[in-house]
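Have a look at the structure below before the remarks.
Not measured: the values here are computed from a predicted model. For the numbers below, each heavy atom of this structure counts, side chains included, while hydrogens, waters and symmetry mates do not.
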Amino acid sequence: MVQLQRRRFLRLAAAALTLPAASRSASAQAYPARPVRIVVGFAPGGGTDIMARLMAQSLSERLGQQFVVENRPGAGTNIATEAVVNAAPDGYTLLAASLPNASNATLYEHLKFNFIRDIVPVAGIALDPFVLEVNPSLPVKTVPELIAYTKANPGKINMASGGTGAGNHIAGELFKMVAGVDLVHVPYRGSGPGIVDLLGGQVQVMFNTVSASIEYVRTGKLRALAIATATRQEALPDTPTVAEFLPGYEASFWSGLGAPKGTPSEIVDKLNREVNAVLADPKLKARLTEWGASAIAGSPADFGKFIADETEKWGKVIRTANIKAE
């Protein structure tokens, strides 16, 4: 009788242990059962916003529920990130993660969150490499010529950026370090106004994403000296890489999806599979290639390692250049 009761107890205990797992699996299968928010830390129209909207549209079509982009700009994307950190970890609030999330960990001293600890990596979306570009009036056509001209004219060549600590700012600071040049940083409230002044000749140099620059380069309004990837890109096949002159130099803006800490792994994995399926679509691949961007496919762990590596890399640049948030 005792043995019978013991066996019955063990069966009940085993069944109880399987209930949470079964419940999570069923929840993941039913997910999403209502609209999902993707929170973007930039105003509409920028690269991160465009990538988030592309992904939102595709995920809506694939999963049968609306994925809605919500723009919450401000504080270098920290407002949006904090909102997602504090959201319920149920898969219905996602973050459009990007390069500033990695750099802000060092740039801001008193954040109310730790990005790597408090945001679960879901999936990478795209790499949008920076291109080193100049106003055509500047008498340089190659990276070595720019380095020589800048050294011959110290403190006279201005470098635009989308703001102190912005992706193109820290890309420029890394270039200054490895090239040993003095470019005068001119921060703007976003890369758009910086491009306007670069086109007008008020500033001479800028690192900007290929997607935001490619039409100006193709029409001759800006001169691309080099692209900041390890290999040449199909969108600008005749443009050399910075690394051809400064070995090891790489800098790209990137985007992906994150979720609040504690989001069920089954939901994270489901989203990851769907995002990778979207990125494998030939039409989307062609669109990214046309913009000069490339997909970041892989597992949540792959994206997590990528974020950790980016955080370490840009943290070193920010500390060495003594960049402080405004």
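- The shortest non-hydrogen separation linking Tyr249 to Ala243 is O-CB, 3.7 Å.
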Pair Ile147-Val143, side chain to side chain contact (heavy atoms under 4.5 Å, CB included): steps then yes or no: CA-CA 6 Å; Ile147 293 172; Val143 170; 3.9 Å; yes

CA sep, side-chain torsions, deciding dist, call: Ser294, Thr289, side chain to side chain contact (heavy atoms under 4.5 Å, CB included): CA-CA 6 Å; Ser294 58; Thr289 299; over 6 Å; no

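- A salt bridge links Asp49 with Arg53: the distance from a Lys NZ or Arg NE/NH1/NH2 to an Asp or Glu carboxylate oxygen falls below 4.0 Å.
- Cluster membership check: Val40 does not share its hydrophobic cluster with Val68, using side-chain heavy-atom separations under 4.5 Å among Ile, Leu, Val, Met, Phe, Trp and Tyr.
- Atom-to-atom distance recorded for Leu127:CG and Ile296:CD1 is 4.0 Å, nearest 0.5 angstrom.
- Within the 4.5 Å cutoff, no side-chain heavy atoms of Phe115 are placed close to those of Thr311.
- A pairwise comparison of heavy atoms in Ala293 and Asp128 identifies CB-CA, 4.3 Å as the closest pair.
- For Arg223 (side chain) and Leu138 (main-chain N/O), a donor-acceptor pair under 3.5 Å exists by modelled atom type.
- Under a 4.0 Å N-O distance rule, the pair Arg232/Glu244 qualifies as a salt bridge.
- Criterion: ILVMFWY side-chain heavy atoms under 4.5 Å apart, direct or through other members. Under it, Val210 and Leu279 are not part of a common hydrophobic cluster.
- At least one donor-acceptor pair closer than 3.5 Å links the side chain of Gln233 to the backbone N or O of Thr231.
- In this structure, Asp302 contributes its side chain and Ser299 its backbone to a donor-acceptor pair below 3.5 Å.
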Glu133/Ser213 under side-chain hydrogen bond (donor to acceptor under 3.5 Å, both in side chains): CA gap, chis, key distance, verdict: CA-CA 9 Å; Glu133 55 200 16; Ser213 310; 3.0 Å; yes

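- Screening Asn208, Asn168, Leu146 for a side chain to side chain contact (heavy atoms under 4.5 Å, CB included) with Leu132, the sole residue that qualifies is Leu146.
- Although no hydrogens or angles enter the test, the distance criterion places a donor-acceptor pair under 3.5 Å between the side chain of Thr263 and the main chain of Pro260.
- In this structure the side chain of Thr142 never reaches within 4.5 angstrom of the side chain of Leu225, judged on heavy atoms.
- Closest approach of Gly262 to Pro89, counting heavy atoms only: C-CB, 3.6 Å.
- Taking all atoms of both residues into account, the shortest heavy-atom contact from Glu250 to Thr229 is CG-C, 4.2 Å.
- A salt bridge between Glu274 and Lys270 is absent, with no side-chain N of the basic residue lying under 4.0 Å from a carboxylate O of the acidic one.
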Intermediate values then yes/no, side-chain hydrogen bond (donor to acceptor under 3.5 Å, both in side chains), His185 and Ser161: CA-CA 7 Å; His185 177 226; Ser161 83; 2.7 Å; yes

Intermediate values then yes/no, side chain to side chain contact (heavy atoms under 4.5 Å, CB included), Arg37 and Leu94: CA-CA 6 Å; Arg37 289 189 305 155; Leu94 305 176; over 6 Å; no

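- Considering OG1 of Thr241 and CG of Leu246, their distance stands at 9.5 Å, rounded to 0.5 Å.
- Ala56 and Ile38 make their closest contact through CB-CD1, 4.0 Å (heavy atoms, listed as atom of the first residue, atom of the second, distance).
- Side-chain atoms of Asp118 do not come within 3.5 Å of backbone N or O of Lys261 as any donor-acceptor pair.
- Within the 4.5 Å cutoff, no side-chain heavy atoms of Met206 are placed close to those of Met159.
- Hydrophobic clustering (side-chain heavy atoms under 4.5 Å, transitive across Ile, Leu, Val, Met, Phe, Trp, Tyr) keeps Val184 apart from Tyr149.
- Contact of the Thr320 side chain with the Ile318 side chain is not registered, since no non-hydrogen atoms from C-beta on lie closer than 4.5 Å.
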Stepwise salt bridge (Lys or Arg N to Asp or Glu O under 4.0 Å) test for Arg34 and Asp90: CA-CA 11 Å; Arg34 62 179 191 271; Asp90 54 11; 3.2 Å; yes

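- By the 4.5 Å heavy-atom criterion applied to side chains, Phe113 and Ile119 are not counted as neighbours.
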Steps toward side chain to side chain contact (heavy atoms under 4.5 Å, CB included) verdict (Phe67, Glu61): CA-CA 9 Å; Phe67 281 68; Glu61 293 169 356; over 6 Å; no

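- With hydrophobic clusters built from ILVMFWY side chains whose heavy atoms lie under 4.5 angstrom apart, Val131 does not share a cluster with Val134.
- In Tyr216, the OH atom is not crowded: 12 or fewer heavy atoms of neighbouring residues, nucleotides or ligands sit closer than 6.0 Å.
- A distance-only check finds a donor-acceptor pair linking the side chain of Asn101 to the backbone of Ser98 [under 3.5 Å].
- Side-chain contact between Ile195 and Tyr188 is absent, with no heavy-atom pair separated by less than 4.5 Å.
- Although no hydrogens or angles enter the test, the distance criterion places a donor-acceptor pair under 3.5 Å between the side chain of Asp281 and the main chain of Leu284.
- Every residue two or more places apart in sequence or in another chain that forms a ring pair (Phe, Tyr, Trp, His ring centres under 6.0 Å) with Tyr92 is listed here: Tyr31.
- Taken from OG in Ser211 to CH2 in Trp291, the straight-line distance is 7.5 Å, to the nearest 0.5 Å.
- Lys313 and Asp309 are not joined by a salt bridge, as no carboxylate oxygen comes within less than 4.0 angstrom of a charged side-chain nitrogen.
- Asn158 places no side-chain N or O within donor-acceptor distance of the main-chain N or O of Leu183, the cut-off being under 3.5 Å.
- Contact annotation: the side chain of Asn78 approaches that of Leu111 to within less than 4.5 Å [non-hydrogen atoms, C-beta and beyond].
- Contact check for Phe253 versus Pro100: side-chain heavy atoms found under the 4.5 Å cut-off.
- Summarising the geometry, atom CG belonging to Leu59 is positioned 10.5 Å from atom CG belonging to Leu54; distances are rounded to the nearest 0.5 Å.
- Within the model, atoms CG of Leu99 and CG of Asn104 stand 9.0 Å from one another, a figure rounded to the nearest 0.5 Å.
- Nearest approach of Val122 to Asn272, heavy atoms of both residues: O-ND2, 2.9 Å.
- Remark: side-chain polar atoms of Asn135 are paired, donor with acceptor, to backbone N or O of Leu198 under 3.5 angstrom.
- Separating the CG atom in Leu222 from the CD atom in Glu215 is a distance of 11.5 Å, to the nearest 0.5 Å.
- For residues 163-186, the set of pairs meeting the salt bridge (Lys or Arg N to Asp or Glu O under 4.0 Å) definition, not counting sequence neighbours, comprises Glu173-Lys176.
- A distance-only check finds no donor-acceptor pair linking the side chain of Glu310 to the backbone of Phe306 [under 3.5 Å].
- Heavy-atom contacts from other residues, nucleotides or ligands closer than 6.0 Å to CZ of Arg189 number 12 or fewer.
- Cluster annotation: Val317 and Val181 are assigned to the same hydrophobic cluster (Ile/Leu/Val/Met/Phe/Trp/Tyr, side-chain heavy-atom contacts under 4.5 Å, transitive).
- Of the charged side-chain nitrogens involved, none lies within less than 4.0 Å of a carboxylate oxygen, so that Glu290 and Arg287 do not count as a salt-bridged pair.
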